[in-house]
Amino acid sequence: WSSKHSAFYALLTRTSIFDFIRVREKVTAMANETGNLIAYRGDKHNVIFNLSPRARFLDMGDPRIKSAMQITKQVMLDMRSVGEKESFRLIVAMIPTKERVYGKLLDRAGYFDKYPRLADAVAQEDAARDAIAGFLHQSNIEFIDLLPELEAEVDERDPYPLTDGHPNKDGYRVIAETIDHYLNSPR
């Protein structure tokens with residue numbers, strides 16, 4: 001009866017089926033890219049990291065990335081100038097990648113030795129994060145580094161879904177709480 005007469009039941013059923021199909025298709029597509037998927041499963045964790053060239057392209061030695069970093073720095077300086085002129089507070093939220101958030105856990109589990117591309121991906125992000133954080137600090141631009149709180153969340157649960165590089169509801173909760181705490185703490 002519910003399947004024929006309840007809009008809520010139909011929506012719930014369709015959502016579950018579509019979510020399942022979407023995840024299955026994504027995993028299948030990524031699996032076709034040999035050597036690009038790294039799965040980690042533990043008592044509290046079940047995640048897949050996609051290191052395909054389409055998804056992972058950060059190389060601090062690449063001239064395109066160097067150029068992009070310079071452009072990013074100039075944009076941030078321009079935003080700071082606009083903020084000063086228009087009297088608003090500019091705060092940059094530094095959001096790490098899924099691989100970086102799980103980095104310490106994966107390193108302890110021996111994954112960096114087993115998967116050098118994963119270790120390199122995290123090292124490249126660390127270099128980029130250090131460069132941006134140093135620039136922001138030197139330029140007197142406020143920023144919130146969300147990495148420590150997301151790493152702490154990994155100790156308890158997965159702040160990212162199985163195959164997606166974007167946070168899940170727990171990850172977004174941590175981000176929101178961290179930003180809220182920063183904004184409401186005395187400077």
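Every heavy atom of this structure was used, including side-chain atoms; hydrogens, water molecules and symmetry mates were not. Because the structure is a prediction, the values reported are computed rather than measured.
Heavy atoms only, all atoms of each residue included: Tyr111 and Ala39 are closest at OH-O, 3.1 Å. The two atoms that bring Phe143 and His137 nearest to each other are CE2-N, 4.0 Å, heavy atoms only.
In this structure, the separation between NZ on Lys66 and CE on Met60 is 8.5 Å, given to the nearest 0.5 Å. Note: Asp120 CG to Asp59 CG = 7.5 Å, rounded to the nearest 0.5 Å. Of the inter-residue distances, the one linking Glu153 atom CD with Asp170 atom CG reads 5.5 Å to the nearest 0.5 angstrom. Rounding to the nearest 0.5 angstrom, the gap separating the CZ atom in Phe88 from the CD1 atom in Ile91 is 11.0 Å. Residue Met69 holds its CE atom at 12.5 Å from CG of Asp62, rounded to the nearest 0.5 Å. Remark: Ile38 CD1 to Leu118 CG distance equals 4.5 Å, nearest 0.5 Å.
Put simply, the residue from Leu136, Asp145, Ile144, Ile132 that forms a side-chain contact (heavy atoms from CB on, under 4.5 Å) with Val92 is Leu136.
At a threshold of 4.5 Å between non-hydrogen side-chain atoms, the residues Arg129 and Leu147 count as touching. Looking at heavy atoms from C-beta onward, Ile179 lies in side-chain contact with Leu183 at the 4.5 angstrom threshold. Residues Asn36 and Arg117 meet the side-chain proximity criterion, which asks for heavy atoms closer than 4.5 Å. Considering only heavy atoms from C-beta on, Leu150 comes within 4.5 Å of Tyr160 through its side chain. With a 4.5 Å cut-off on side-chain heavy atoms, Glu125 and Pro96 count as touching.
Counting only distance, with no hydrogens or angles, the side chain of His45 and the backbone of Tyr40 share no donor-acceptor pair below 3.5 Å. A donor-acceptor pair under 3.5 Å is formed between the side chain of Asn184 and the backbone N or O of Asp180. In this structure, the side chain of Ser139 engages the main chain of Phe135 through a donor-acceptor pair within 3.5 Å. Panel note: side chain Asp158, backbone Pro161; no donor-acceptor pair is recorded below 3.5 Å.
Residue pairs meeting the side-chain hydrogen bond (donor to acceptor under 3.5 Å, both in side chains) criterion with at least one member in residues 79-93, sequence neighbours excluded: Arg89-Glu142.
Shown here are the side chain to side chain donor-acceptor pair (under 3.5 Å) partners of Asp78, two or more places apart in sequence or in another chain: Gln74. Partners of Glu149 by side-chain contact (heavy atoms from CB on, under 4.5 Å), not counting sequence neighbours, listed by chain and number: Val174, Thr178.
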Next item on the list: Under the side-chain contact (heavy atoms from CB on, under 4.5 Å) rule, what do Leu51 and Glu99 come out as? Steps first, then yes or no, please.
Entry: CA-CA 9 Å; Leu51 299 179; Glu99 293 81 10; 4.3 Å; yes
Next item on the list: Please report the C-alpha distance between Lys98 and Asn50 in whole Å, then the side-chain angles of each, then the deciding distance to 0.1 Å, and finally whether the side-chain contact (heavy atoms from CB on, under 4.5 Å) criterion is met.
Entry: CA-CA 10 Å; Lys98 179 179 181 177; Asn50 181 1; over 6 Å; no
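Taking 4.0 Å as the cut-off between side-chain N and carboxylate O, Arg100 and Asp126 count as a salt-bridged pair.
Taking the six-membered ring for Trp and thresholds of 30 and 60 degrees, Tyr102 and Phe49 have ring planes more than 60 degrees apart, a perpendicular arrangement.
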